[in-house]
Each structure stands twice: as structure tokens, then as C-alpha cells.
Amino acid sequence: GDSVTQMEGPVTLSEEAFLTINCTYTATGYPSLFWYVQYPGEGLQLLLKATKADDKGSNKGFEATYRKETTSFHLEKGSVQVSDSAVYFCALTSSRNFGNEKLTFGTGTRLTIIP
Amino acid sequence: EADIYQTPRYLVIGTGKKITLECSQTMGHDKMYWYQQDPGMELHLIHYSYGVNSTEKGDLSSESTVSRIRTEHFPLTLESARPSHTSQYLCASKGLLTEAFFGQGTRLTVV
């Protein structure tokens with residue numbers, strides 16, 4: 001079945017440091033890939049997405065590139081801020097039967113940024 | 001901005017009580033999902049629906065039940081709450097070519 005393997009946390013960085021959170025996936029066909037963010041006490045919000053190979057998703061300074069050859073979708077940000085402290089989830093949807101997509105999530109990575 | 005709502009946000013209830021967690025969306029999405037999120041953050045799919053009168057159990061076995069009588073509404077019911085049901089419950093919906101949108105969650109505590 002489909003699966004998402006995400007970098008174990010927690011991750012603690014100083015403000016303005018470079019961030020990478022690794023994500024690899026296993027899926028049949030051509031999945032769409034997502035990064036979601038969850039701030040304390042909230043639900044998940046979409047951070048960025050990519051729907052085909054070599055697409056780059058970007059938002060709020062975060063980027064991730066859909067790499068089919070390495071089945072990866074690593075999240076990066078050049079200079080993190082305290083406000084980026086949250087839990088980050090890598091996810092995919094794939095549809096063996098058109099229209100019946102299932103969402104598959106990684107285990108989440110807790111990121112803490114210290115001033 | 002997502003138009004998916006969960007109520008209540010927080011609920012503390014005694015063992016044995018029946019509870020219903022509400023989830024509504026105004027986006028006309030066919031697909032809706034319930035996730036249970038443990039303190040370790042991991043999300044577990046417990047129920048999903050691909051449309052009216054369609055419900056399926058998810059990957060994690062749950063004593064809860066769901067119904068989908070209307071497109072916009074996907075309530076989750078626990079007939080007899082137990083302390084082991086204490087958790088955060090997240091509802092989501094998804095359109096055909098869209099990402100999933102999540103509600104803010106219901107934090108349930110059974111005492």
C-alpha cells in the first residue's frame with residue numbers, strides 16, 4: 001500500500017537557520033504530494049503541494065520539489081523564524097480508482113525555533 | 001480560507017455517555033474523513049466517506065460510527081465514551097481536484 005516516511009523529530013533550530021525536513025514516499029501510479037502544517041491547538045493547513053514530477057511547491061518561504069526518481073518531497077526553508085514553530089506533515093493522495101483518493105500522512109515532525 | 005467546521009472544540013464528558021462530534025463543510029466536497037490524532041502527533045484514519053450514504057472504516061479500528069445523510073455533514077458518534085477515547089479528532093474534506101481541508105479539531109477528554 002501507499003506510505004510516507006518522514007524525518008523523525010523533534011527538530012530544534014536557531015532563528016535564521018536553514019531547515020530541511022526529509023520525506024520519501026511509496027505509491028503506485030502518479031501521486032500528488034503535500035506538506036501540511038499544524039500550529040498548536042489547530043487543525044492542519046495546507047502549506048504547499050505538487051501534483052507531478054519536477055513540480056516545485058512554494059509558500060511562505062518554504063519549498064519542496066517532487067522528485068520521482070528518488071520518490072522524495074523534502075521540505076526546505078532558507079531562514080526560519082520563531083513563528084515557523086509547528087508540526088509538519090508530509091502527505092500524498094493516489095487514486096487506483098478514479099475519484100476514490102485516499103490520503104496518506106507521514107508521522108509528523110515537530111519543529112521548534114529558538115530566538 | 002477553509003469552510004469546514006467542527007463542534008465542539010473542546011469536550012469533557014463522563015464515562016458511559018453518548019457523544020456526537022459534528023463536522024460540516026460548505027464547499028460541496030464529496031469526500032470527507034475523520035482522523036484521530038494521538039499525543040505523539042500521528043494521524044490515524046478512522047472513517048471516510050466518498051459521498052452521501054457511503055461510509056467506510058479507516059485504517060485504525062474505532063468504536064465510533066459515522067453517517068453521511070447530507071453532503072455537507074459528517075458526524076461521528078460514540079455510543080458509550082471511555083477514557084481510552086480521549087484524543088483529538090480531526091475532520092477533513094476534499095474535492096475532486098483539490099487538496100484536503102481540515103477543521104480545527106475537537107479535543108475530547110473522557111473522565
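Computed over heavy atoms, backbone and side chain alike; hydrogens, waters and symmetry mates excluded. Here is how names work: the chains are called A, B, and so on, in the same order as the sequence lines, proteins then strands, and each is numbered from 1.
- The number of heavy atoms from other shown groups lying within 6.0 Å of NZ (B:K17) does not exceed 12.
- Residues A:T107 and B:M41 form no side-chain contact, since every pair of their non-hydrogen atoms from C-beta on lies 4.5 Å or further apart.
- Within a 6.0 Å radius of OH in A:Y39, other residues, nucleotides and ligands contribute more than 12 heavy atoms.
- The local environment of CD in A:E15 is crowded, with over 12 non-hydrogen atoms from other residues, nucleotides or ligands closer than 6.0 Å.
- Here the straight-line distance linking atom NE2 of B:H44 with atom CZ of A:F105 works out to 12.5 Å at 0.5 Å rounding.
- If you measure heavy-atom distances from A:Q38 to chain B, the contacts under 4.5 Å come from the side chain alone.
- Clustering ILVMFWY residues whenever any of their side-chain heavy atoms sit less than 4.5 angstrom apart, transitively, puts A:L92 in a cluster other than the one holding B:L45.
- Atom OH of B:Y35 and atom CG of A:L103 lie 4.0 Å apart (nearest 0.5 Å).
- A heavy-atom distance below 4.5 Å is not found between the side chains of A:T93 and B:E99.
- Interface residue B:D59: only side-chain heavy atoms are found under 4.5 Å from chain A.
- With B:R9 contributing its side chain and A:G41 its backbone, the two residues share a donor-acceptor pair below 3.5 Å.
- A:L44 touches chain B through backbone and side chain together, each having a heavy atom under 4.5 Å away.
- The cluster map of Ile, Leu, Val, Met, Phe, Trp and Tyr, joined by side-chain heavy atoms under 4.5 Å apart, puts A:V4 and A:L75 in the same cluster.
- In this structure, A:E8 places its CD atom where only 12 or fewer heavy-atom neighbours from other residues, nucleotides or ligands lie under 6.0 Å away.
- Side-chain atoms of A:Y36 come within 3.5 Å of backbone N or O of B:A100 as a donor-acceptor pair.
- For B:Q88, the part sitting under 4.5 Å from any heavy atom of chain A is the side chain, from C-beta outward, and nothing else.
- A:F89 and A:L111 end up in different hydrophobic clusters when Ile, Leu, Val, Met, Phe, Trp and Tyr side chains are linked at under 4.5 Å.
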